[in-house]
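Just so it is clear, the structure is predicted and the values come from calculations on it, not from any experiment. Letters go in sequence order (proteins before strands), and every chain restarts at 1.
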Number of protein chains: 2
Amino acid sequence: MPATTDMPATSASPERSSTEPGSPEPGSPEPAKLGRKRDHTRDPEILSAAIDVLAEEGYDGMTMEMVAARAKAGKATVYRRWGSKSELVIEAIACMKRGVAPETLPDTGTLRGDLLALIRPHSIDDADKKLKVMAGIVSLIARSPEMSDAVNAAMVEPRAKINRVLFQRAIDRGEISADCDVEALSLISPSMAAYRTLVQRKPVDREFLVSLVDSVILPAVGLRAGAPAS
Amino acid sequence: MPATTDMPATSASPERSSTEPGSPEPGSPEPAKLGRKRDHTRDPEILSAAIDVLAEEGYDGMTMEMVAARAKAGKATVYRRWGSKSELVIEAIACMKRGVAPETLPDTGTLRGDLLALIRPHSIDDADKKLKVMAGIVSLIARSPEMSDAVNAAMVEPRAKINRVLFQRAIDRGEISADCDVEALSLISPSMAAYRTLVQRKPVDREFLVSLVDSVILPAVGLRAGAPAS
DNA sequence: TAGTTCCGAAACTCGCCAGAACCGGATAGA
DNA sequence: TCTATCCGGTTCTGGCGAGTTTCGGAACTA
C-alpha cells in the first residue's frame, strides 16, 4: 500500500477545457458573484486523489468514499463538482495529460541518442502510473467511447506523438530510410511497455527500455546500437 | 477474500474444449462415484458461458446470474461446481488454453512464410476473444497472482512459445543472426495486437498483422519483405 | 455582529449482487 | 416402486456502494 501522495500541493490546476462549456475565458476568474471569491479550490486535490485510487484499486474497486477520504473532502463536495463517478474519472484521466512542449524534446543529433534521452527516472515513473491507471479502466474502454477517447488523448497520443517527431527528425536528417513505418515504430515502445507491465507483471526499467531500443527498434530501422550515425 | 485454496475435490476437469457439449473426458482416471455415472456434464456449457460473459462485460460487470442464464443452468448448479466467482473465472480462463501441437506449426522454410502462415481467420478470431477476456480482467491481474498465472498460462505463453519456435528455427537454418533478441521479437506481435485492440480499439485484421511482419519484425532481424531468404 | 456561501462529516435511501437455502422434477440404481 | 442424487429454477439475506440529504462549522463580507 504505497501512499506516495506526491501531491502537486495545490499546483496550478490543469486546463479546464474538458467538457463544460462553462466559462469561455479561462484567464478571468469572473468576479461577478460578489460575496465569495473562493471557487473550486479543492478540485486538484480531488482529481489527484481520484487518480491515485484509480491506479491502486481499478475503476470498480474505486469508491467515491475512498476518493473523498484521500482528498480529505466530503463526498458531497465531490458530487458538487462532478455528477457521477464516471464523470470524475474521465476528467481525472484528462488532466493526467502533461503538456509536452515540442522544444523540450531531446535533440542529440542521433535517433538512438534521442530515444535514450527519453528514458529518465521521472518519465519511467510517470509512465508506470499511467499504465496502472490504464489497467484499471481497460475493461471500460470497450464500453465507453468517452473513456476510450480520454485514455487516448491523455496517455496514448502524447507518447506516440513524441516518438513520431523523433523518427521524423531521423528521416529528415537522412539517418534512417524515409519509407520506414513511422506509425508502427512509434507504437513499439508504448505497447511493449504496456504488455510488460499489465500482462507479464515485470518492471519496465531502464534496462528493459534500453534493450528494446537497441535490439528491436534500431535494428528495425537499419541502425545498430554501437553505430549511432552511419 | 477469495479463498480459492482448495478445489471442492469433485471438480477436477481443468481442460475441455469449452465450446460444445463435451466428449466424455478421454483421460479420466476418476472412479466416477458409484451411484451415478452422470457427473458434471454441464461444466463445458457453464465455462463457455463464463468466458462469453467475461468477454462482453468484464469481471466486475459479469454476474453469476448472467453466466447461469446463458448456460441455461441454475445459479445453484454453478455454485455446486465452483465455490466462488473467482474460482469459476480462473478455471474458465484456464480452459481457454488451446493445445498447440508443435508439429502443427507451419514450416515453410522461411521466417516470413511461417509468420504469415499463422495469420488465419480462425487464429485472428481466437486471439480477439482472448484479448476481450483479457481486457475484462487486467485490473485483477495486479491484485491476484492466481489470475495473473491463469492469464499467462492460457493466453500469453502459448502464443509466445509459438513465436519463439519460429525464430529459433530461423536461427538454426542460418536465415537470421543468432544474436537476435528472440524473447523481445516474440512479444512484438502479441503486444502490438493487444495494444491495438484494447487501447486503440482498431481491428487486428490480416492487413495489420502482415504489415507488422513486413515493416517491423522482418526489418528488425535484417530481412526484407520481398526477399524471404537472403 | 449578522449574513452569505461553501465545506466536511455522517446518516440515509435505493438498487444490485454474491451466496445460501429451498423446492419440485427427472433420472438411475436397488 | 422406493430411494438417492442430481438438476432447473426461485427466493431470501446480508453487505456494499452510488448518490442524496442534513447539519454544524469555517471563512469571508458588509
Side-chain angles (χ1 to χ4, degrees), chain A residues 10 29-47 49-50 53-54 56-92 136 139-140 144, chain B residues 1-4 8-11 13 21-22 24 30-47 49-50 53-54 56-92 136 139-140 144:
Chain A
T10 64
E30 186 168 352
K33 290 286 182 183
L34 50 88
R36 289 289 296 193
K37 70 178 74 168
R38 306 201 325 166
D39 194 18
H40 296 193
T41 57
R42 301 303 311 281
D43 282 20
E45 282 94 334
I46 295 174
L47 289 171
V53 177
L54 204 53
E56 293 170 13
E57 307 289 338
Y59 182 84
D60 297 280
M62 155 185 169
T63 72
M64 298 299 262
E65 284 187 357
M66 288 180 190
V67 175
R70 179 166 309 215
K72 292 185 174 56
K75 209 163 48 154
T77 304
V78 179
Y79 277 104
R80 280 187 204 107
R81 300 288 170 270
W82 299 274
S84 68
K85 181 178 173 180
S86 61
E87 285 181 27
L88 169 63
V89 168
I90 286 176
E91 188 166 336
S139 63
L140 293 183
S144 165
Chain B
M1 177 165 40
T4 68
T10 54
S11 70
S13 57
E30 280 298 316
K33 286 294 179 183
L34 53 88
R36 291 283 296 194
K37 71 177 67 170
R38 304 207 327 167
D39 196 15
H40 300 186
T41 56
R42 301 303 310 279
D43 283 19
E45 282 95 334
I46 296 174
L47 289 170
V53 177
L54 203 53
E56 292 170 13
E57 307 289 339
Y59 181 84
D60 296 280
M62 155 186 169
T63 72
M64 297 298 262
E65 284 186 355
M66 289 180 189
V67 176
R70 179 164 311 213
K72 292 185 174 55
K75 210 164 46 156
T77 304
V78 179
Y79 276 104
R80 281 186 202 108
R81 300 286 171 272
W82 298 274
S84 69
K85 181 178 173 180
S86 61
E87 284 182 27
L88 170 63
V89 168
I90 287 177
E91 189 166 336
S139 63
L140 292 184
S144 165

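Applying the side chain to side chain donor-acceptor pair (under 3.5 Å) rule to B/Ser144 yields no partners; only residues at least two apart in sequence or on another chain are considered. Shown here are the side chain to side chain donor-acceptor pair (under 3.5 Å) partners of B/Glu56, two or more places apart in sequence or in another chain: B/Arg70. In this view, A/Tyr59 and A/Leu54, A/Lys85, A/Ser86, A/Val89, A/Ile137, A/Leu140, A/Met147 satisfy the side-chain contact (heavy atoms from CB on, under 4.5 Å) rule, not counting sequence neighbours. Qualifying side-chain contact (heavy atoms from CB on, under 4.5 Å) partners for B/Ala50, counting only residues two or more places apart in sequence or in other chains: B/Met62, B/Val67, B/Leu88, B/Ala92.
Straight-line distance from the NZ atom of A/Lys72 to the C1' atom of C/dA10: 18 Å, rounded to whole Å. Atoms CD (B/Glu45) and P (D/dC6) sit 18 Å apart, rounded to a whole Å.
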Query raised in the report: Can you give one letter per nucleotide of nucleotides 17-22 of chain C, going 5' to 3': B for a protein heavy atom under 4.0 Å from the base, S for sugar-phosphate only, - for none?
Result: SSBBB-
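Closest of all the heavy-atom pairs between B/Gly61 and B/Met66 is O-CE, 3.4 Å.
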